[in-house]
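Following: one structure in structure tokens, then a few remarks.
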Number of protein chains: 2
Amino acid sequence: MSQAFNNTQPIYLQILQRLCRQVVRGEIKAGEKLLSVREMALQCGVNPNTVQRVYVELERLEIAETRRGLGSFITEDEARLKRLRKQLKNEQIENFIADMAETGFSPEEILAGVREKLPDNKGRRRD
Amino acid sequence: MSQAFNNTQPIYLQILQRLCRQVVRGEIKAGEKLLSVREMALQCGVNPNTVQRVYVELERLEIAETRRGLGSFITEDEARLKRLRKQLKNEQIENFIADMAETGFSPEEILAGVREKLPDNKGRRRD
DNA sequence: GTATGTGTATTAGTTAGATGGTACACTATG
DNA sequence: CATAGTGTACCATCTAACTAATACACATAC
């Protein structure tokens, strides 16, 4: 791994986001064990304390449960994971549309722009 | 103003972004004078040094020019502003699509989702 | 010239995020 | 019991972002 962490976003939030996305797209399944704090820290090139913060937050969100001495596990609650999927979808779309509107782009321009950049639009690409 | 500045993003970047968007959507026009460092600081409820940083950055981006003793002014270079518009549009759309893809949403789902949430879609709203 | 409103520079202090290191508590295994 | 792998809890330190206060340089108007 050892990705960049370029952003101005705190690293722990970036790791949190990455884990949530891995769960939503099924790369990590319900009930599955996460890497230990120390392993994940090694893999990310980050301090264990930073990963610890991620796992605490995941537990607060009820996306993972930690069992002392055993490790952290993604929740078995599939309904919770479905909610997470919907939540991420809504948030990402709504934030995007709000950003675009604030920058002055019309709904038509937004829709056209998205269609243009989408992977398999039917030959509408321009750039 | 005195907006929230909720994010984990540095305040000076948030102000920078807001100004860029105001320029792109025409609320601030080419050649127009910006608020002084001190005024803007007051309006934003922020330290003058923080605003100073924004103006320096705007100058580096060639979006504004500062004239010592006079103030900071949006560039007269309309071509530069057109480029800024295109840049913001591309960045926002590409980041959005990349985020959605990373979260596991298909192009169809992305397009449908956007259409659904857009202000004046023709009765396709659901939520 | 003086006064005012600009940008600019410097210094010091606070805070959150992140690091580094150590130690402790719990669980499973043998 | 001992051991190893877990999560958990501290503590000291570093850095960037932000604040606070002051001072200086330039431009304009009087």
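Below, chains carry the letters A, B, ... as their sequence lines are ordered, and counting in each starts from 1. Values in this document were obtained by computation on a predicted structure and should not be read as measured data. For the numbers below, each heavy atom of this structure counts, side chains included, while hydrogens, waters and symmetry mates do not.
- Nucleic acid contact for B/E65: none, since no nucleic acid atom lies under 4.0 Å from a heavy atom of the residue.
- For A/P10, the side-chain atoms get nearest to C/dG17 when compared with the rest of D/dT6, C/dT6, C/dG17.
- Following rounding to the nearest Å, A/E59 (CD) and D/dT8 (C1') show an atom-to-atom distance of 12 Å.
- If you take CZ of A/R53 and P of D/dC10, they are 15 Å apart, rounded to a whole angstrom.
- Counting only heavy atoms from C-beta outward, the side chains of A/M40 and A/Y55 approach each other to under 4.5 Å.
- If A/P48 and B/E39 are placed on DNA chain C by their nearest nucleotide, the residue sitting closer to the 5' end is B/E39.
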For residues 28-38 of chain A, which side-chain N or O atoms pair as donor and acceptor with protein atoms under 3.5 Å away, sequence neighbours left out?
{"from": "A/K29", "atom 1": "NZ", "to": "A/G26", "atom 2": "O", "distance (Å)": "2.7"}
{"from": "A/E32", "atom 1": "OE1", "to": "A/K29", "atom 2": "N", "distance (Å)": "3.0"}
{"from": "A/S36", "atom 1": "OG", "to": "A/R38", "atom 2": "N", "distance (Å)": "3.4"}
{"from": "A/S36", "atom 1": "OG", "to": "A/E39", "atom 2": "N", "distance (Å)": "3.1"}

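- Rounded to whole angstrom, the span from the OH atom of B/Y55 across to the C1' atom of C/dT6 amounts to 11 Å.
- Cluster annotation: B/L13 and B/L88 are assigned to the same hydrophobic cluster (Ile/Leu/Val/Met/Phe/Trp/Tyr, side-chain heavy-atom contacts under 4.5 Å, transitive).
- At least one side-chain heavy atom of A/E102 sits less than 4.5 Å from a side-chain heavy atom of B/R25.
- Closest of all the heavy-atom pairs between A/I93 and B/F96 is CA-CE1, 3.8 Å.
- Rounded to a whole Å, the CG atom of A/L35 is 14 Å from the C1' atom of D/dG5.
- Atom CG in B/L42 sits roughly 13 Å away from atom P in C/dG5 (whole-Å rounding).
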*asked:* Applying salt bridge (charged side-chain N to carboxylate O under 4.0 Å, His left out) to B/R85 and A/E109, what does each step give before you reach the verdict?
replied: CA-CA 12 Å; B/R85 186 182 199 277; A/E109 197 168 3; 2.8 Å; yes
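- With rounding to whole Å, A/E57 atom CD is found 17 Å from D/dG7 atom C1'.
- Computed from coordinates, the A/Q52 CD to C/dC24 P distance equals 18 Å when rounded to whole Å.
- Listed pair A/T66 / D/dT8 meets the phosphate criterion, a side-chain N or O lying under 4.0 Å from OP1 or OP2.
- Between A/L13 atom CG and C/dA16 atom P the separation is 14 Å, expressed in whole Å.
- Contact check, B/S36 against C/dG5: no side-chain N or O comes under 4.0 Å of OP1 or OP2.
- For A/T50 and C/dG17, the shortest distance from a side-chain N or O to OP1 or OP2 is not below 4.0 Å.
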B/S/- along nucleotides 20-30 of chain D (protein heavy atoms under 4.0 Å) is BB-B-SBSS--
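- Between B/I110 and B/F105, the shortest heavy-atom contact is CD1-O, 3.8 Å.
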